[in-house]
Amino acid sequence: MKKEKIWSTNKIVSSSAMLVSTLTLIVFIYQTTLMRQQQQLSVMPYLSISNNGTNTPNFKVILKNDGIGPAFIESRTITYQDSVYDMDLPNFLRYNIPAYDSIRHHVYYSNITPGRMIPHGEIIYLFQVDNSLEVAKKLDSLLVNLPYDIQITYSSIYKQRWQIKNNQPIPKRIR
């Protein structure tokens, strides 16, 4: 009886074709994953809360989107004295902090509501004082000395979610 070759030319060519096809599929899947990550990063919002003009008559508290894509506000809460308030900072001060009443008519403010979209590069003045050092100092002192935490949850157009807090300057990604 004659021995058959285990690896004939046809088997080698077909095995090579299968191996090349499998490797091509792996590269395609990897490349698609990289493209998806690049797309998500290309529209990533990056919100920050900061003070501008401290100790000047034009004091501002700003919410800024330093990211590339729009931020969609999902929620905003204030934690104060072991209670959580489902409201933004201007309304919280108006309804819960009596010391704010003496200056609130001299302060411009913007409300942040769920569903609001903040485009990239947008600056929202949460509080703004124009040309009054006295009011600016009172507002700054109130915000610095008040033991509160503000938390804003927002998402990108790909539904990736982040949170920022007034005591954590870097947004934290959440699931």
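Numbering of residues begins at 1 and proceeds along the displayed sequence. From a predicted model like this one, the values you see are computed outputs, not experimental measurements.
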Just verifying a value: how many Å separate [X] [atom1] and [Y] [atom2], rounded to the nearest 0.5 Å?
X: Thr9; Y: Lys11; atom1: OG1; atom2: NZ; result: 11.5 Å
X: Asp149; Y: Asn167; atom1: CG; atom2: CG; result: 4.5 Å
X: Ile29; Y: Thr33; atom1: CD1; atom2: OG1; result: 7.5 Å
X: Ile150; Y: Ile164; atom1: CD1; atom2: CD1; result: 7.5 Å
X: Leu139; Y: Ile103; atom1: CG; atom2: CD1; result: 4.5 Å
X: Ser110; Y: Leu126; atom1: OG; atom2: CG; result: 7.0 Å

Pairwise side-chain contact, [X] with [Y], heavy-atom cut-off 4.5 Å (strictly under):
X: Lys137; Y: Leu133; answer: yes
X: Gln163; Y: Ile174; answer: yes
X: Leu19; Y: Leu23; answer: yes

Practice task
Examine the side chains of Gln128 and Asp130 and answer whether a donor and an acceptor come within less than 3.5 Å of each other.
Solution key: yes
Can you name the side-chain hydrogen bond (donor to acceptor under 3.5 Å, both in side chains) partners of [X], sequence neighbours left out?
X: Ser50; answer: none
X: Asn131; answer: none
X: Arg116; answer: none
X: Glu122; answer: none

I'd like to check the salt bridge (charged side-chain N to carboxylate O under 4.0 Å, His left out) partners of [X]; sequence neighbours left out, ordered by chain and number.
X: Lys60; value: none
X: Asp101; value: Arg104
X: Arg161; value: Glu74

Handout entry: Pairs where residues 18-70 contributes a residue and the test ring pair (Phe, Tyr, Trp, His ring centres under 6.0 Å) is met, not counting sequence neighbours
Key = none
Exercise for the section: Determine which pairs satisfy ring pair (Phe, Tyr, Trp, His ring centres under 6.0 Å) with at least one residue from residues 95-142, sequence neighbours left out, and list them in order. Expected result: none
Exercise for the section: Quick one: closest heavy-atom pair of Ala71 and Pro45, and the distance? Expected result: CB-CB, 3.6 Å
Hydrophobic cluster membership, with links at side-chain heavy-atom distances under 4.5 Å among I/L/V/M/F/W/Y: are [X] and [Y] in one?
X: Ile49; Y: Ile97; value: yes
X: Tyr148; Y: Ile152; value: yes
X: Leu142; Y: Ile62; value: no
X: Trp162; Y: Ile170; value: yes

Exercise for the section: With sequence neighbours excluded, give me every side chain to side chain donor-acceptor pair (under 3.5 Å) pair touching residues 13-22. Expected result: none
Exercise for the section: Assess whether side-chain contact (heavy atoms from CB on, under 4.5 Å) is satisfied between Val129 and Asn58, documenting all intermediate values. Expected result: CA-CA 5 Å; Val129 177; Asn58 297 310; over 6 Å; no
Handout entry: Residues clustered with Phe72, ILVMFWY side-chain links under 4.5 angstrom
Key = Val43, Met117, Ile157, Tyr158
Problem - Donor-acceptor pair, side chain of Asn145 and main chain of Ser141, under 3.5 angstrom - result: yes
Output a table of donor-acceptor pairs, distance under 3.5 Å, between side-chain atoms of residues 85-93 and any protein atom two or more places apart or on a different chain; print 'none' if there are none.
{"unit_1": "Asp86", "atom_1": "OD1", "unit_2": "Arg76", "atom_2": "NH1", "d": "2.9"}
{"unit_1": "Asp88", "atom_1": "OD1", "unit_2": "Asn91", "atom_2": "N", "d": "3.4"}
{"unit_1": "Asp88", "atom_1": "OD1", "unit_2": "Asn91", "atom_2": "ND2", "d": "3.2"}
{"unit_1": "Asp88", "atom_1": "OD1", "unit_2": "Asn111", "atom_2": "ND2", "d": "3.4"}
{"unit_1": "Asp88", "atom_1": "OD2", "unit_2": "Asn111", "atom_2": "ND2", "d": "2.9"}
{"unit_1": "Asp88", "atom_1": "OD2", "unit_2": "Ile112", "atom_2": "N", "d": "2.8"}

Exercise for the section: Tell me, with the steps shown, if Ile73 and Leu47 meet side-chain contact (heavy atoms from CB on, under 4.5 Å). Expected result: CA-CA 10 Å; Ile73 303 298; Leu47 293 184; 4.0 Å; yes
Practice task
Let me see the working for Tyr154 and Asn65 under side-chain contact (heavy atoms from CB on, under 4.5 Å), right down to the final yes or no.
Solution key: CA-CA 11 Å; Tyr154 63 97; Asn65 184 355; over 6 Å; no
